[in-house]
Amino acid sequence: MISKIKEALICLRAPRVTFRYPLEPMPAPARFRGRPTIDGAKCIGCGACAAVCPPRLIDIHGEGTTRTVELNFSRCTYCARCQEVCPVGAMQCTTDFETATNDRANYSVKVELAAVACQSCGTPFITQRMQQKLMAEFQPAWMQQRNELPEWLSLCQSCRVEKTGMTMGRNIKNG
Amino acid sequence: MTTAQVTMTTAPETLTKAQKILQGIQEKFGVALISAENPRPDRLFLKVRREEIRPITDYVFNTLKGRMVMSIGTDKTPVDGHYEVSYLYALDAEGIALNLKELVPENDPVVPSVAGIVTYANWNEREVYDLLGVKAEGHPDPRRLVLADDWPDDVFPLRKSVPYNFKPPVRDVKPPMRELTEREKKSTIVNVGPFFPTLEEAASFRLFVEGERIIGADYRGFFAHRGIEKLTDNVLDYNQIPFMAERICGICGFVHSACYCMAVEHAAEAEVPPRAQYIRAVMMELERIHSHLLWLGLAAHYLGFDTVLMQSWRIREPIMWLVEAITGNRKTYGLNLPGGVRRDFTNEHCDKILEVIAKIEKEAGELVAAAAEDHTLKMRLVDVGRLTPEDARLLCCVGPTARASGVNIDARKDFPYCAFPDLKFKPAVQHTNDIWGRLLVRAEETFTSIDLVRQMLARLPEGEIMAPVGNIPPWREGVGVAEAPRGECVHYVETGHDNRPYRWRVRAATYPQLQAVPYMLEGMHVADFPIIVGSIDPCFSCTERLITVDRGNANKLRIYEKKDLLAMSRRRTQELR
Amino acid sequence: MRSVLVGIFNLLFALAAAPLLDGILRQVKARLHSRRGPSIFQTYLDLGKLMVKDDQAGANNTIFSLTPIVCFASVLLAALFIPMGGVVPLGFAGDTLVLMYILTMGPLCVCLGGMASGSPYAYVGVSREIMTLMVVEPVMVMSLIASAVKAHSLMLVDCIRQPLGAGPSLSFIICGVAFFLALQPEVAKVPFDQAEAEQEIMEGPLVEYSGRKLAMLKWSFYSKQIVLITLFTEWFLPWPALESLPLRMACTVLKVLVVAALVEVIAQVFPRLKINQSMRYFVSVNAFALSGLMLAVIGL
């Protein structure tokens with residue numbers, strides 16, 4: 001009997017703790033990992049986020065001279081790995097958690113970036129911003145050693161392989 | 001790496017515990033032992049001849065008092081033409097994980113069954129057959145366990161030749177029933193599940209009932225098996241799996257991801273910074289506190305005592321907000337990666353943790369004190385769902401279920417991981433063998449955890465929280481052991497190529513516990529059923545390793561219309577009559 | 001004239017106010033649970049929702065289909081026999097025993113419907129319901145008869161007026177307590193709601209009901225709850241004896257609220273007992289009620 005009264009007292013001492021959500025807002029804490037977004041002004045299309053995403057929701061594809069970074073967060077696990085690996089801070093997890101919608105298109109974020117063509121074969125292979133970033137990082141070091149930018153910065157992967165192979169072949173031939 | 005030959009020449013007094021055990025096995029079964037590895041003092045990986053597995057099992061289980069943890073079936077046929085079937089044992093007194101591996105030739109996929117020696121091996125061997133197609137010869141009940149009833153009989157999904165997104169055609173097959181005793185044939189059959197109000201997840205129990213009394217029970221589960229172990233074969237990489245592992249369970253997810261990371265770190269022989277170790281341990285203990293409070297509420301709900309449910313969850317809620325503020329989510333913390341943790345504690349976080357656990361200590365203390373004196377609650381729990389220490393050992397039960405039956409095992413003490421080697425605590429043990437004991441164990445553990453968190457925060461080391469693991473060479477084995485709120489959680493990783501494991505095996509605590517449920521049900525009332533199943537704090541999705549919707553599945557979904565469902569459910573009702 | 005008006009009021013009270021009482025009890029429960037809880041009109045909405053939902057036809061037989069109607073009708077009939085403010089609307093047509101019969105009809109109907117549904121959960125629920133009826137009904141009968149013995153009449157009006165004149169006697173108090181203890185299983189509240197235990201047998205006899213039939217059964221349960229509690233307050237708590245009838249009726253409504261809240265609080269601080277445990281408990285309550293009846297017979 002005493003334990004019953006104790007239980008009732010525990011109940012009555014505690015105030016009503018539930019909220020009137022969704023009638024009142026429930027802000028999430030600062031570190032909350034919510035809906036991910038891509039800042040189109042910052043994204044360089046490097047693809048780091050696509051490589052780490054566990055449910056593989058980030059896709060980089062391209063037609064012609066545009067490269068599209070597409071994020072569809074309908075199955076997002078909200079791990080924020082993309083935010084962690086993004087080198088320019090374009091991937092951001094907001095504190096927004098109310099993502100229910102009637103339209104699947106609302107789950108998609110797209111960023112279209114201009115691609116540069118390979119100087120040798122003409123195929124677009126890298127985004128302009130990516131190349132600028134590479135140059136900005138490599139230029140000072142290269143400029144100190146030689147007085148020009150390395151040629152491979154403007155070559156696509158296959159041309160780069162070909163070029164390197166030819167250089168190596170030439171070197172071998174020349175002893 | 002210590003080979004079998006090396007240990008023979010070492011003098012007995014300088015031998016480590018693992019080497020002594022190895023020597024014992026060598027003396028008894030010399031030729032049966034093919035090779036032995038001892039990569040860490042607390043791990044022992046043996047390869048044995050499959051013909052000798054029964055005597056060795058007998059020796060390990062009955063003489064060394066080993067506790068079987070799980071079986072691991074690996075398809076190594078693309079590598080060396082063998083299937084590998086391992087039994088992992090925990091030698092709790094010595095704190096050593098002992099793995100017995102048998103090589104099974106591809107053209108003769110059969111191993112001798114050890115279910116006659118260790119009752120718990122029953123499910124393990126059925127699982128190996130279902131997933132890998134290695135048959136346990138002499139198994140007492142070789143029904144299908146893991147796979148769906150309509151899965152083809154000759155496709156074994158864990159074989160490397162089966163693609164991860166293989167979809168078999170739909171067939172109409174009845175679930176296999178077990179042999180009934182004469183008495184069971186005469187009894188009323190009450191089907192509980194697959195969907196039932198107090199089974200939060202899909203599971204099906206067939207209760208054989210005389211009046212109100214249960215005389216037997218049969219279990220069919222694994223409805224939520226989605227084969228996430230298969231996904232790691234060729235889809236996910238080392239750094240992606242923790243997020244998958246975390247979603248194995250909705251309550252003890254952090255333990256799973258930490259346990260996986262520990263297994264990878266062991267395999268890679270990587271050092272984890274001490275601060276990361278402590279952060280992991282603090283989060284695991286916070287998880288235990290909220291999980292036990294959750295259980296107390298659920299247990300009360302099963303008894304129709306919703307006031308305790310609501311109050312206990314009210315007391316628990318601040319922890320969820322706390323971890324949300326620290327990690328970014330109230331449940332899936334996403335904190336672990338092999339090599340450390342992703343987010344650090346700030347000083348404010350530490351203060352906030354201390355504040356929250358002090359409040360919980362006070363409030364939970366009052367609630368538990370009131371509940372512990374409650375006469376009616378005792379009427380429902382004392383001597384209900386009994387599990388004798390002998391059965392607990394044969395079924396290899398772990399966690400609060402085992403500790404309430406007087407089996408003093410706790411992975412935090414026996415296999416100290418993370419920060420636990422530095423901490424002082426006593427595992428809660430009760431000898432009542434019933435649900436009341438399980439309640440007391442969990443109540444005591446809640447307060448032990450609060451104390452442990454205080455100890456850890458008082459000595460939280462400074463420094464880095466992440467030391468990237470780097471490249472991991474293939475064919476290394478790692479075992480991660482951690483005490484989840486429900487009991488010991490074990491992850492096994494064998495490393496492979498392409499930055500992903502060759503085999504990842506998960507054993508959650510509910511796996512052995514569920515096998516004990518039919519033992520607990522016997523002789524009890526139908527009214528006791530929810531609380532008995534609840535008393536092991538079951539987590540079916542843990543056992544079944546649920547999750548992942550494969551993108552390719554979307555266009556091959558079976559879609560039932562309303563009238564189909566209605567017709568099906570009516571047919572089912574007709575069958576029940 | 002007066003009894004006709006009270007009759008109409010009783011019907012409305014049992015019919016229209018019953019979901020409101022349930023809504024208020026939900027708030028009481030929510031307060032004990034430290035939550036906000038739904039609005040007190042939620043039960044109306046719930047019933048309305050069930051009314052427009054499809055009937056899944058869990059079983060196709062007459063008994064199964066008729067049960068909700070008979071159950072509902074029996075409760076409404078009982079409402080006409082229940083005193084209100086000291087007036088018994090249909091007092092001329094039946095006495096205490098008739099009232100008891102009508103009140104027992106509801107649970108028996110549910111049992112029949114449960115049996116007809118054929119679900120194994122319903123069977124377990126029905127067997128529990130019948131066991132409960134077997135031990136709880138005698139308590140109610142003995143408690144009510146004790147007053148009849150003192151009043152030397154089975155007429156309802158005589159029975160409820162007797163303690164007003166003579167004051168509460170020892171047997172009256174004992175019977176009142178026994179009746180209150182029997183209220184809990186009669187209105188199907190924890191710890192004695194084994195027959196409908198949601199967690200164990202999924203509302204037992206109701207498991208196959210859906211849509212409008214389920215709504216009618218639920219509604220009749222709410223009505224039965226208000227009818228029984230009114231009976232208890234009128235019979236065992238007739239004070240204060242006010243002059244005007246509307247005041248007396250208002251007073252009764254208030255008392256019903258208080259008693260119902262008390263029943264709900266008790267339900268919230270107990271776990272559900274097992275059927276054998278509650279049987280054992282009610283055997284002693286029966287003995288207690290019997291002692292009350294004996295005392296009434298010897299005039300105490």
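In the text below, chain A, chain B and the rest are named by the order of the sequence lines, each starting its count at 1.
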Begin from the C-alpha positions of C:Gln277 and B:Arg380 and carry the test side chain to side chain contact (heavy atoms under 4.5 Å, CB included) through to its verdict. CA-CA 9 Å; C:Gln277 290 167 339; B:Arg380 289 299 311 268; 3.6 Å; yes

Is any side-chain heavy atom of C:Gln268 less than 4.5 Å from a side-chain heavy atom of B:Thr307? yes

Between C:Lys29, C:Arg35, C:Arg128, which shows the greatest number of heavy-atom pairs under 4.5 Å with chain B? C:Arg128

Yes or no on side chain to side chain contact (heavy atoms under 4.5 Å, CB included) for B:Val384 and C:Lys274, after CA distance, side-chain angles and deciding distance? CA-CA 12 Å; B:Val384 172; C:Lys274 281 191 264 187; 3.9 Å; yes

Which heavy atom in C:Leu273 sits nearest to a heavy atom in B:Met379, and how many Å separate them? CD2-CE, 3.9 Å

OH (B:Tyr519) with more than 12 external heavy atoms under 6.0 Å: no

Heavy-atom pairs under 4.5 Å with chain C: which of B:Leu377, B:Asp306, B:Val209 has the most? B:Asp306

Taking every heavy atom of C:Leu32 against every heavy atom of B:Gln311, the minimum-distance pair comes out as O-NE2, 2.8 Å

Verify the neighbour count for atom CZ of C:Arg26: are there more than 12 heavy atoms of other residues, nucleotides or ligands below 6.0 Å? yes

Calculate, to the nearest 0.5 Å, the distance between atoms CD1 and CZ belonging to B:Ile531 and C:Arg272 respectively. 11.5 Å

A quick test of your reading: do over 12 heavy atoms of other residues, nucleotides or ligands sit less than 6.0 Å from NZ of B:Lys378? no

